[in-house]
Number of protein chains: 2
Amino acid sequence: MPEEARSGLRERKKLDTRKALSDAALELMFERGLDNFVREDVAARAGVSLRTFSNYFASKYDALAYRVNYRIRRSAELLRSRPAEEPLWTAIAEALIEPLRDDGVPFGRPTDEQILEVRKLNATPEMQVALARNTIEDLVEAIADRTGTDPKADLYPRLVANVTVGALNAVLNRYVQTDPSVAMSSVLREVFASISEGLPPPPRT
Amino acid sequence: MPEEARSGLRERKKLDTRKALSDAALELMFERGLDNFVREDVAARAGVSLRTFSNYFASKYDALAYRVNYRIRRSAELLRSRPAEEPLWTAIAEALIEPLRDDGVPFGRPTDEQILEVRKLNATPEMQVALARNTIEDLVEAIADRTGTDPKADLYPRLVANVTVGALNAVLNRYVQTDPSVAMSSVLREVFASISEGLPPPPRT
DNA sequence: CCAGATGATTGCCTTGAAGGCAACTTTGCC
DNA sequence: GGCAAAGTTGCCTTCAAGGCAATCATCTGG
């Protein structure tokens, strides 16, 4: 059972702490830059001990990746509730897009320096690890459910999940690296439509 | 200029050291298990200092990923020399397959325990990242060349490269997770054919 | 409502990773 | 042979990861 779904004071407090730690990490990154704060700073700002930080997140990057990972988990859920007759890649695209809408702008409109920090963050291998962790498996499960395949035995759901994450990474990389004048949602729709057509060679530039 | 292409005693020695470190890491993993050796052990076996290990590889996982990364770089080269009229995904599949043939069986036929170690290794996010690092860019360049797109400005080559790596990861995961009775090359051909058809939902089991 | 059980928080500690710096050694080249 | 460039090494500091046990908060059954 996912932590988000349970109730009770204890569970809610844990969730609050996790979110507080994640937010503190993001704030510190924006204030000081990615390399100018340590886990202890994050713990201090969230009002817990360093050891407690370790109980919640395996690394600074896990804390920074929390929001994104949360969104992808939500996307996996949403994928299950998309209409059954909807084409697979449309369902995947829409499931990925919806949590982006909800999230709004957590820290106000980003300044140029903030965008630069996010770009640096996304480029680090540690961040890539943090993003890969905890998300692929949820997607594999959801896709297996939807397509009636076996997540353990069949290659198919894992393949689709990997392709999905690969595509998402490409779009995110591109989004942060160039001027985000085009809305990410429309880029995502195009990309997944293109995948469902087999990614034919000459792109319409 | 890639390190592999240069000559001279100095360059050759560096290459030898790199390979010795990578091999030592793989041997140690098979002998002791993934979690039962440290970078210092690897350095000792390769006959260099720990500090030198750090000069060659950023992490234990980078050392373990060296062979695979080397193969992928070779695949990127091979992709450029595939016939121009060949469909893109066929060219990619064949370019990925060829280096696998050359490599043979580096450590003899793997035992069950060795397969288990490789499985554990491939499952770690650290390894997934080590695999993607240093290779994606080469693939992006090669794909951009082949498709006449701009690796900086266009989303297309990055998208295809990410999808390729994602698919390769899925196959590698599957390969070590189940009995490798089917040759990897034929699985790769099927997978990329399937991608070029848009990955239609019901897989032929 | 209370007392034991269960789970969370914390401090302490050990191990390992990462990488800057300067001394020293090897290779390349004239 | 000898100088310059590049590779290797030891030493060092900082940070990360996580086991263990004590303490504290929440939960649950009587």
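None of these values were measured; they are calculated from a predicted model. Below, chain A is the first sequence line, B the second, and so on; all start at residue 1.
Between the CG atom of A/Asp35 and the P atom of D/dC15 there is a distance of 11 Å, rounded to whole Å. Computed from coordinates, the A/Arg12 CZ to C/dG7 P distance equals 18 Å when rounded to whole Å. For the pair B/Glu11 CD and C/dT26 P, the computed distance is 18 Å after rounding to whole Å. Atom pair B/Phe53:CZ and D/dG7:C1' shows a separation of 17 Å (rounding to whole Å applied). If you measure from atom NZ of B/Lys13 to atom C1' of C/dT26, you get 7 Å, rounded to the nearest angstrom. When rounded to the nearest whole Å, the span between CG of B/Asn36 and P of C/dG16 equals 11 Å. A/Tyr61 places its OH atom 13 Å from the P atom of D/dC15, with the value rounded to the nearest Å. As rounded to whole Å, 12 Å separates atom C1' of D/dC15 from atom CG of A/Asp41.
Residue-to-nucleotide proximity on DNA chain D shows that, of A/Lys60 and B/Thr17, the 5′-proximal contact is made by B/Thr17. Along DNA chain C, the nucleotide nearest B/Ser59 and the nucleotide nearest A/Leu50 are compared for position; the residue whose nucleotide lies closer to the 5' end is A/Leu50.
Picking from C/dT27, D/dT9, D/dG7 the nucleotide with the shortest atom distance to the side chain of B/Asn55 gives D/dT9. Considering only the side chain of A/Tyr56, C/dA8 comes nearest among C/dA17, D/dG18, C/dA8. Set against C/dT9, D/dA16, D/dT9, the side chain of B/Ser49 has D/dT9 as its closest nucleotide. Ranking C/dA17, D/dT8, D/dG7 by closeness to the B/Val38 side chain, first place goes to C/dA17. The listed nucleotides are C/dA18, D/dC15, C/dA8; the one nearest the side chain of B/Arg39 is C/dA18. For A/Lys14, whose side chain is taken as the heavy atoms from C-beta onward, the closest listed nucleotide among D/dT8, C/dA8, C/dT27 is C/dA8.
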- Under the side-chain contact (heavy atoms from CB on, under 4.5 Å) criterion, do A/Leu188 and A/Leu100 qualify, and how do the steps go? CA-CA 11 Å; A/Leu188 280 174; A/Leu100 288 176; 4.1 Å; yes
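Judged by the 6.0 Å and 45° rule, B/Lys60 forms a cation-pi pair with B/Phe37.
Between B/Phe57 and B/Tyr66, the angle of the ring planes goes over 60°, which puts this pair in the perpendicular group of the 30/60° scheme.
For B/Arg51 and C/dG20, a side-chain-to-base donor-acceptor distance below 3.5 Å is present, hydrogens and geometry of angles not being considered.
Under a 4.0 Å N-O distance rule, the pair A/Arg82/A/Glu77 does not qualify as a salt bridge.
With a 4.5 Å cut-off on side-chain heavy atoms, A/Arg119 and A/Gln114 do not count as touching.
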